[in-house]
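Order of appearance sets the numbers: ligands from 1, and atoms from 1 within every ligand. Because the structure is predicted, anything quoted here is derived from the model rather than measured.
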Amino acid sequence: MTLSDAAFMALVERKRRGLEHTREEIDELVSAYVADKIVDRSFALWLQAVMDRGLSVDETAWLTQAMASSGVMLSWSDVPGIVVDKHSTGGVGDDVSLIAVPLAAACGVKVAKLSGRGLGHTGGTIDKLECVPGLRTDLSVASFKRQVADVGCAIAQATGEIAPADKKIYALRHRTQTVDNIGLITASVLSKKIAGGAPHLVIDVKCGRSAFMQTREQAHALARMIVEVGGRLGRSISVLITDMEAPLAMSIGDALELDEAIGILQGRAGGRLGEVVLAVAEAMLDVHADQRLSDARKTALQHALRGGAAFRHFAAMAAAQDGNVAAFERPAEPVATVAAPDNGFVTAIDGRAIGEAIASLKNVAEAGIGSRIGIRLQKTVGDSVERGEPLCLVFADEDAQRLAKIALEAVEITRDAPPGGPAVIERLRAEPV
Ligand code: URA
């Protein structure tokens with residue numbers, strides 16, 4: 001890559017003036033930055049120009065492809081069956097992957113899921129899955145593919161070989177407050193999925209106070225961009241916008257969330273988490289975009305949950321990754337209970353505040369112990385409460401009172417019931433073009 005300082009600054013200037021880049025310019029920018037030929041301070045100028053002026057659909061598609069091509073690109077053409085991947089933009093208590101991946105596999109598709117660790121206040125699927133004793137997520141590409149072919153599903157860490165450009169650019173965006181841009185988020189999310197190689201993608205865009213996208217308008221704009229770019233890059237892609245005003249699960253904290261997910265896989269009612277799981281899993285099965293089969297898909301999913309096939313797929317996936325689900329110890333007794341200060345209705349739960357508190361306690365706890373820190377909600381948004389009734393249970397070895405105080409402040413109780421809303425707000429879809 002031979003991009004000189006002057007040529008690079010000319011590209012920054014172009015974007016500052018609101019002009020569109022060409023595909024070659026985007027390729028040059030990404031490959032030069034990944035090859036350390038542009039220093040962080042300079043690349044941050046381009047990111048800032050993008051924040052100010054945005055990226056078109058074309059530019060976003062080229063950026064996504066350039067970032068995906070910066071590392072290993074997986075191919076599934078040698079694996080028989082329909083291969084699907086799913087991704088969530090992340091939120092508090094988002095355990096959808098832990099359940100929807102084995103559930104969809106139990107209904108016949110192959111699920112190749114590359115996942116990440118927690119980011120900020122949001123927990124990561126990998127951290128939660130690793131609470132299964134012995135379970136490894138650092139699979140080689142060959143074992144990942146073999147497992148998807150043989151077991152039907154695998155959840156593995158997206159290693160440094162997958163879309164390294166995203167890792168580098170994301171870290172700089174984080175340090176320079178340039179995360180919050182639709183084009184950059186789309187390229188970040190989709191580059192990893194394009195490199196993962198699955199021809200069918202389901203993306204769950206979380207919307208609300210406990211999520212990245214706080215408003216419906218932002219979530220809709222992101223969903224539209226993801227659908228357009230995914231289709232242009234040759235994928236059949238469904239995007240769901242799902243509500244994340246409050247934490248999705250009733251548990252927050254790695255081992256507690258895994259425990260709740262296992263319960264749902266064994267057929268327990270899942271509340272709003274269960275609703276989103278079924279919608280995402282149904283989209284994973286709907287690779288031919290055939291609405292007429294929607295009822296049949298729903299029935300198959302219910303059977304897989306109630307009849308044990310979903311849990312058996314989860315246990316088989318864990319075993320193939322050296323984990324032993326039978327050895328997973330349910331989290332011990334809580335150390336504190338947070339009681340409702342008033343009569344009324346739970347109107348809001350600030351999942352971000354609880355998620356941040358748990359993340360900071362985990363950072364100071366020893367590895368292993370950290371996974372057992374958490375909160376189990378006893379009430380969620382819309383529930384009525386009486387003064388003194390338990391709002392949530394606290395699990396922690398130290399600092400339990402601090403966590404209890406944060407949880408108490410995070411739950412808003414009002415006299416009137418809040419307006420209810422659906423867990424799945426919108427569905428968008430595109431076919432490969
Ligand atoms: N998740 C990602 O992977 N990237 C972003 O930029 C935001 C959310």
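Side chains of Arg429 and Ser238: a donor-acceptor N/O pair is present below 3.5 angstrom, by distance only.
Sorted by first and then second residue, the salt bridge (Lys or Arg N to Asp or Glu O under 4.0 Å) pairs with a member in residues 157-167 read Asp166-Lys192; sequence neighbours excluded. Applying the ring-ring contact (aromatic ring centres under 6.0 Å, His included) test to every pair with at least one member in residues 224-275, sequence neighbours left out, gives no pairs at all.
Residue-to-ligand polar distances keep Thr89 apart from ligand 1: every N/O pair is separated by 3.5 Å or more. At least one N or O atom of Arg173 sits closer than 3.5 Å to an N or O atom of ligand 1.
The shortest non-hydrogen separation linking Pro247 to Ile252 is CG-CD1, 3.7 Å.
The contact set between ligand 1 and Ser188, taken as ligand atoms under 4.0 Å from a residue heavy atom, comprises 2 (C), 3 (O), 4 (N), 5 (C), 6 (O). Which parts of ligand 1 touch Lys192 is read off a 4.0 Å heavy-atom cut-off, strictly below it: atoms 2 (C), 3 (O).
Residue contact annotation: Val179 has no non-hydrogen atom under 4.0 Å from ligand 1.
Trp76 and Phe144 have perpendicular rings, their planes meeting at more than 60° on a 0 to 90° scale where under 30° would count as parallel.
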